[in-house]
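This report concerns only the one structure given below.
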Amino acid sequence: MALTRTQINQRSNEKRGIKNKAFKLHVDDIDMIKDTAKALNMSEAKLVVEAVKQFRESTAR
C-alpha cells in the first residue's frame with residue numbers, strides 16, 4: 001500500500017524526533033522573530049530554541 005505524503009512526512013518527523021508546535025503571536029512579534037532570524041542567518045525555530053535556552057540559563061539561580 002502506498003503512503004500519502006502526509007504519512008511519509010509524519011514518519012520522517014517521528015524518526016528524527018521532531019514535533020510541530022504552534023503559537024498565536026502578535027504580528028509585530030512574528031516580524032521581530034523573522035527579521036532577527038534572517039539577520040543572524042538561522043532558522044526561526046533555532047532562534048526561538050536558543051533564546052529560550054539563554055533565558056533559562058539567565059534565570060536559573
Side-chain angles (χ1 to χ4, degrees):
M1 177 170 92
L3 297 175
T4 66
R5 173 54 53 193
T6 302
Q7 291 170 320
I8 293 169
N9 288 341
Q10 183 179 10
R11 286 185 179 184
S12 175
N13 286 342
E14 287 173 2
K15 284 174 79 173
R16 294 182 292 145
I18 294 175
K19 187 174 181 180
N20 287 332
K21 180 70 176 168
F23 296 97
K24 291 183 181 183
L25 301 171
H26 193 275
V27 292
D28 292 339
D29 295 330
I30 293 170
D31 290 340
M32 177 187 60
I33 292 168
K34 284 183 179 181
D35 293 343
T36 305
K38 187 175 180 180
L40 296 174
N41 196 29
M42 62 175 31
S43 73
E44 293 174 31
K46 181 71 172 174
L47 173 65
V48 171
V49 169
E50 292 299 321
V52 171
K53 285 179 182 179
Q54 285 186 355
F55 180 78
R56 285 188 65 167
E57 289 172 3
S58 70
T59 59
R61 296 172 192 201

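Start at 1 with the first residue, then count along the sequence.
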Using the test side chain to side chain donor-acceptor pair (under 3.5 Å), find all partners of Thr6 that sit at least two apart in sequence or belong to another chain.
-> none

Sequence neighbours excluded, which residues qualify as side chain to side chain donor-acceptor pair (under 3.5 Å) partners of Asn13?
->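 With neighbours one apart ignored, the set is Arg16.
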
Applying the side-chain contact (heavy atoms from CB on, under 4.5 Å) test to Asn9, which of Arg11, Gln7, Arg5 qualifies?
->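 Answer to the side-chain contact (heavy atoms from CB on, under 4.5 Å) test with Asn9 among Arg11, Gln7, Arg5: Arg5.
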
Could you list the donor-acceptor pairs under 3.5 angstrom formed between side-chain atoms of residues 21-37 and any protein atom two or more places apart in sequence or on another chain?
| residue | atom | partner | partner atom | Å |
| --- | --- | --- | --- | --- |
| His26 | ND1 | Asp28 | N | 3.1 |
| Thr36 | OG1 | Met32 | O | 2.7 |

Pairs involving residues 36-49, ordered by first then second residue, that meet salt bridge (charged side-chain N to carboxylate O under 4.0 Å, His left out) (sequence neighbours left out) |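 Salt bridge (charged side-chain N to carboxylate O under 4.0 Å, His left out) check on residues 36-49 returns Lys46-Glu50.
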
